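Note sheet for the following structure.
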Amino acid sequence: MPELPEVEVVRRGLANWVAGRTVADVQVLHPRAVRRQPAGAEDFAARLTGTTLGSAQRRGKYLWVPLDGTGAGFSLIGHLGMSGQLLVQDASVPDETYLRVRLRFEDGGRELRFVDQRTFGGLAVEEAEDGDPEGTPVSIAHIARDPLDPRFDDGAFAAALRARRTTVKRALLDQTLISGVGNIYADEALWRAKLHYDRPTATLTRPQAALLLGHAREVMTAALAVGGTSFDSLYVNVNGESGYFSLDLDAYGREHEPCRRCGTPIRRAAWMNRSSYFCPRCQRVPRSR
DNA sequence: CAAGGCTCCTGATAGC
DNA sequence: TGCTATCAGGAGCCTT
């Protein structure tokens, strides 16, 4: 699933391949892909057609591309959900089975295609938050900065984490506290920090909170370095998962395999209608709530 | 207001 | 063979 590193690879791809190009034509092939557009698919297409795309921005798992020529402050905003891909494709390439939106450009070059099997992702054209110099679209104003953002405040995060009355993995997945972290990198960061996913945040010491943040930042930075190599010419990313398969995961998806620290088999636990992978020896269950 | 749970969606896979 | 159940899970929305 695309988390911060995968989305950053896509952002770079957009910046390289579509920035500066003018939209000639927009096709919405599945209405759900633009469900965040209040006035619907036709309005989405109309707002995009004739605009020139700027350089893609990212916050957490959200992307946005500033639009010139529609008046100030509008952007094409996107989220990949679980299975979304943004592909830069030659027009001669047959339509993908789950092609949802197609953008053609006035230069007649490669198309931008939004492909999404499970339709949790989506696109919209949206105005910027009033007076925001970064042009952040209104619907993501509530999303926290991510740990790769130079303006992320480590101290404020540690304090906010410890002030929460919840458990640590829930907090890591809360995009209003820290953005960009999904199920995979949450499990990886917790493994590195030797913390159990159900550890109450209020019991973390300040150094533990700082270490956890450091591990989250490190694992996503390492994944980005790997994902970046798999991205070259035709596609914004190669396969929509952009190389996260090649990252050496220590916990996620490794049920029954030995912990790389202590050899104890990694365990998978049902957790919030999904899974948590952890080492039962390195990441001890908290004694009480 | 914070926290937690439900739901959207489709395909792969397991089990009977 | 063909059906049903389960799992994958981000985030908006609703309830408590």
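Because only heavy atoms are used, hydrogens play no part in the values below, and waters and symmetry mates are left out as well, while side chains stay in. Since the structure is predicted, the reported quantities are computational estimates derived from the model, not experimental observations.
Per the geometry, CG belonging to A:Asn183 stands 14 Å off P belonging to C:dC7, to the nearest Å. Atom-to-atom, NZ of A:Lys61 to P of C:dG10 comes out at 5 Å; the value is rounded to the nearest Å. For the pair A:Leu99 CG and B:dT10 P, the computed distance is 15 Å after rounding to whole Å. Summarising the geometry, the separation between NZ on A:Lys169 and P on C:dG9 is reported as 8 Å, rounded to the nearest angstrom. For the pair A:Arg164 CZ and B:dC1 C1', the interatomic distance rounds to 11 Å; values are reported in whole Å. Per the geometry, CG belonging to A:Asp116 stands 15 Å off P belonging to C:dG9, to the nearest Å. A straight line from CZ of A:Arg100 to P of B:dC9 spans 11 Å, rounded to a whole angstrom. Atom CZ of A:Phe120 is separated from atom P of B:dC8 by 9 Å (rounded to the nearest Å).
Comparing the local axis fitted to the first five base pairs of the helix from B:dA2-C:dT16 to B:dC16-C:dG2 with the one fitted to its last five gives a bend of 50°, rounded to 10°.
By the 4.0 Å N-to-carboxylate-O rule, A:Glu96 lies close enough to A:Arg113 to be salt-bridged with it.
The nearest heavy atom of DNA chain B to A:Thr97 and to A:Asn273 marks one nucleotide each, and the one closer to the 5' end goes with A:Asn273. Each of A:Ile143 and A:Arg118 lies near DNA chain C, and the nucleotide nearest A:Arg118 is the one positioned closer to the 5' end.
Of the side-chain N and O atoms in A:His30, none sit less than 4.0 angstrom from OP1 or OP2 of B:dC9. For B:dT7, the OP1/OP2 oxygens have no side-chain nitrogen or oxygen of A:Arg32 closer than 4.0 Å. Residue A:Thr166 places at least one side-chain N or O under 4.0 Å from the OP1 or OP2 atom of B:dG4. Within the 4.0 Å cut-off from OP1 or OP2 of C:dG12, at least one side-chain nitrogen or oxygen of A:Tyr62 is found. A close approach under 4.0 Å does not occur between any side-chain nitrogen or oxygen of A:Arg36 and OP1 or OP2 of C:dG12. Side-chain nitrogen and oxygen atoms of A:Tyr98 include at least one within less than 4.0 Å of the OP1 or OP2 phosphate oxygen of B:dG11.
Backbone-only contact: A:Arg268 has heavy atoms under 4.0 Å from sugar-phosphate atoms and none from a base. Contact annotation for A:Ser275: backbone-only contact, meaning every heavy-atom pair under 4.0 Å involves sugar-phosphate atoms and none involves a base.
At a threshold of 4.5 Å between non-hydrogen side-chain atoms, the residues A:Gln85 and A:Asp116 do not count as touching. Between A:Ile77 and A:Val125 the shortest side-chain heavy-atom distance does not fall below 4.5 Å.
The environment of A:Arg261 atom CZ is dense: over 12 non-hydrogen atoms of other residues, nucleotides or ligands sit within 6.0 angstrom. Annotation: A:Asp130, atom CG; neighbour count of heavy atoms from other residues, nucleotides and ligands within 6.0 Å does not exceed 12.
No cation-pi contact links A:Arg58 to A:Trp64, judged by a cut-off of 6.0 Å to the six-membered ring centre and 45° from its axis.
Residues passing the ring pair (Phe, Tyr, Trp, His ring centres under 6.0 Å) test with A:Tyr98, sequence neighbours excluded: none. By the ring pair (Phe, Tyr, Trp, His ring centres under 6.0 Å) test, A:Phe105 pairs with no residue at all, sequence neighbours left out.
With C:dG9, B:dG4, B:dA2 as the candidates, the nucleotide lying closest to the side chain of A:Arg274 is C:dG9.
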